[in-house]
Amino acid sequence: MEKKNTKVLIILIALILVIGTIMIFTKGLKFELKYQDSKKLELNLGKEFERKDIEEITDEVFERQQVLIQEIELYKDSVSITTSEITEKQKENLITKINEKYGTDYKAENVAVEKVAHVRGRDIIKPYILPFVISSLIILVYIIVRYYKLNILKVIMKTVGIITLAQMVLLGIIAITRMPIGNFTIPLVIFVYMFSLYISTAIFEKELENVTVEEN
């Protein structure tokens with residue numbers, strides 16, 4: 001039964017890696033709106049506003065488009081509206097509804113729409129690289145000291161292999177499910193990293209226990 005479960009797991013991992021690779025090369029990874037090529041406009045409403053009111057307006061104007069609404073300025077009386085595309089008709093409709101709701105007198109031709117360039121994946125992970133490398137080196141030192149009775153080179157290679165495979169599987173799942181790269185991606189990567197370390201140490205603990213029994 002255990003061998004059968006292992007075979008099923010290997011086949012499942014292989015499928016995830018293959019299909020995930022195909023998805024990445026054909027469709028690429030999906031990113032949250034704030035990391036995509038987008039368009040943005042900013043409006044000073046002259047008063048504090050409720051986010052849900054702006055959301056109602058943007059839902060009517062942009063319909064199924066994803067929209068990012070942010071408060072700007074110290075007194076939270078200005079709003080930034082970002083979405084994938086803002087046509088002239090959408091801008092006019094948005095300005096009309098904003099004027100009706102907040103008593104402003106904006107004219108569509110006087111409101112600038114700013115293009116926002118996408119953020120590269122490497123720029124998202126860049127701040128985490130150094131802490132990740134340092135913590136990984138510390139963990140590897142601990143593993144070498146803890147499991148010195150085992151084949152150290154084998155221990156290191158197996159640890160790196162398990163961690164790498166786990167991250168590749170995670171990337172494959174993200175690509176297949178079209179999960180957007182965003183705020184929850186890094187915590188998810190860290191969780192998988194810690195879980196793969198747990199699996200590695202569990203394997204080594206069992207091997208160390210067997211070696212200790214043989215020595216005794």
Side-chain angles (χ1 to χ4, degrees), residues 19-20 22-132 135 167 170-194:
I19 298 173
I22 294 172
M23 291 293 292
I24 290 172
F25 280 100
T26 55
K27 292 189 176 182
L29 295 171
K30 185 178 180 181
F31 288 80
E32 287 185 359
L33 178 61
K34 63 180 179 180
Y35 299 123
Q36 301 176 18
D37 286 320
S38 56
K39 292 186 178 180
K40 177 178 71 172
L41 59 80
E42 297 179 356
L43 298 170
N44 187 339
L45 305 179
K47 63 182 74 173
E48 287 192 29
F49 62 90
E50 293 289 337
R51 178 180 292 270
K52 64 179 182 179
D53 294 333
I54 301 296
E55 287 176 351
E56 288 177 1
I57 293 174
T58 55
D59 286 345
E60 291 179 18
V61 174
F62 299 110
E63 297 180 347
R64 296 182 180 181
Q65 289 178 219
Q66 187 180 0
V67 179
L68 176 63
I69 299 170
Q70 295 174 299
E71 297 174 345
I72 55 178
E73 302 295 342
L74 179 63
Y75 300 105
K76 299 181 180 180
D77 57 353
S78 297
V79 62
S80 168
I81 299 173
T82 305
T83 186
S84 56
E85 179 62 40
I86 301 177
T87 64
E88 284 300 318
K89 184 177 180 180
Q90 287 174 328
K91 184 173 75 168
E92 291 175 3
N93 195 9
L94 177 68
I95 296 303
T96 299
K97 292 182 180 297
I98 290 291
N99 286 338
E100 291 174 354
K101 180 69 178 180
Y102 295 98
T104 51
D105 56 354
Y106 281 109
K107 293 183 179 180
E109 59 268 22
N110 296 331
V111 177
V113 175
E114 178 185 350
K115 290 184 178 180
V116 181
H118 72 277
V119 179
R120 297 177 299 179
R122 70 187 75 170
D123 294 327
I124 297 174
I125 65 174
K126 190 175 180 180
Y128 303 94
I129 293 177
L130 184 58
F132 176 79
S135 60
Q167 294 299 329
L170 174 61
L171 183 61
I173 292 172
I174 290 173
I176 294 169
T177 60
R178 309 303 295 161
M179 184 188 303
I181 304 294
N183 294 333
F184 295 102
T185 305
I186 297 300
L188 187 57
V189 168
I190 294 173
F191 171 79
V192 172
Y193 174 73
M194 297 302 295

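As the structure is a prediction and not an experimental result, all values here were calculated from the model. FYI, the numbering just counts along the sequence from 1.
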How far apart are the C-alpha atoms of Thr185 and Ile125, what are their side-chain angles, what is the distance that settles it, and do they pass the side chain to side chain contact (heavy atoms under 4.5 Å, CB included) test? CA-CA 10 Å; Thr185 305; Ile125 65 174; over 6 Å; no
How long is the straight-line distance from OG1 of Thr104 back to CG of Asn44, given to the nearest 0.5 Å? 9.5 Å
Which atoms form the tightest heavy-atom contact between Lys101 and Ile57, and what is the distance? CB-CD1, 4.1 Å
Could you go step by step and tell me if Phe132 and Ile190 meet the side chain to side chain contact (heavy atoms under 4.5 Å, CB included) rule? CA-CA 9 Å; Phe132 176 79; Ile190 294 173; over 6 Å; no
Which pair of non-hydrogen atoms, one from Ala175 and one from Gly20, has the smallest distance, and what is that distance? CB-O, 3.8 Å
Heavy-atom donor-acceptor pair, Asp37 side chain to His118 backbone, under 3.5 Å: yes
Between Ala108 and Glu92, what is the shortest heavy-atom contact and its length? CB-CG, 3.7 Å
For Gln90 and Gln65, which I'm curious about, is there any donor-acceptor pair between the side chains at under 3.5 Å? yes
Nearest heavy-atom contact between Leu43 and Tyr106 is C-OH, 3.8 Å
To the closest 0.5 Å, what do you measure between CD (Glu109) and NZ (Lys91)? 8.0 Å
Validation row: Ile54, Val67 side chains within 4.5 angstrom (heavy atoms): no
Check step by step if side chain to side chain contact (heavy atoms under 4.5 Å, CB included) holds for Met23 and Arg178. CA-CA 9 Å; Met23 291 293 292; Arg178 309 303 295 161; 3.7 Å; yes
Check whether more than 12 heavy atoms from other residues, nucleotides or ligands sit under 6.0 Å from atom NZ of Lys30, and answer yes or no. no
Heavy-atom closest pair (Pro127 atom, Ile124 atom, distance to 0.1 Å) is CD-O, 3.4 Å
Do the non-hydrogen side-chain atoms of Leu171 and Ile24 ever get within less than 4.5 Å of each other? yes
If you measure from OG1 on Thr83 to NZ on Lys40, what distance do you get to the nearest 0.5 Å? 13.5 Å
So, does Gln167 use its side chain to make a donor-acceptor pair with the main chain of Val189 at under 3.5 Å? yes
Check step by step if side chain to side chain contact (heavy atoms under 4.5 Å, CB included) holds for Leu68 and Gln36. CA-CA 11 Å; Leu68 176 63; Gln36 301 176 18; over 6 Å; no
Quick one: does Asn93's side chain have a donor or acceptor within less than 3.5 Å of a partner on Lys89's backbone? no
Minimum heavy-atom separation for Leu33 to Thr82, with atom names? CD2-O, 3.4 Å
Kindly compute the distance separating CG (Asp123) from OH (Tyr35), expressed to the nearest 0.5 Å. 10.5 Å
Min side-chain heavy-atom separation Leu94-Leu41 under 4.5 Å: yes
Point-to-point distance, once rounded to the nearest 0.5 Å, from CG of Asn99 to CG of Asp105: 6.5 Å
Nearest 0.5 Å please: distance from the CZ atom of Arg51 over to the OG1 atom of Thr58. 10.0 Å
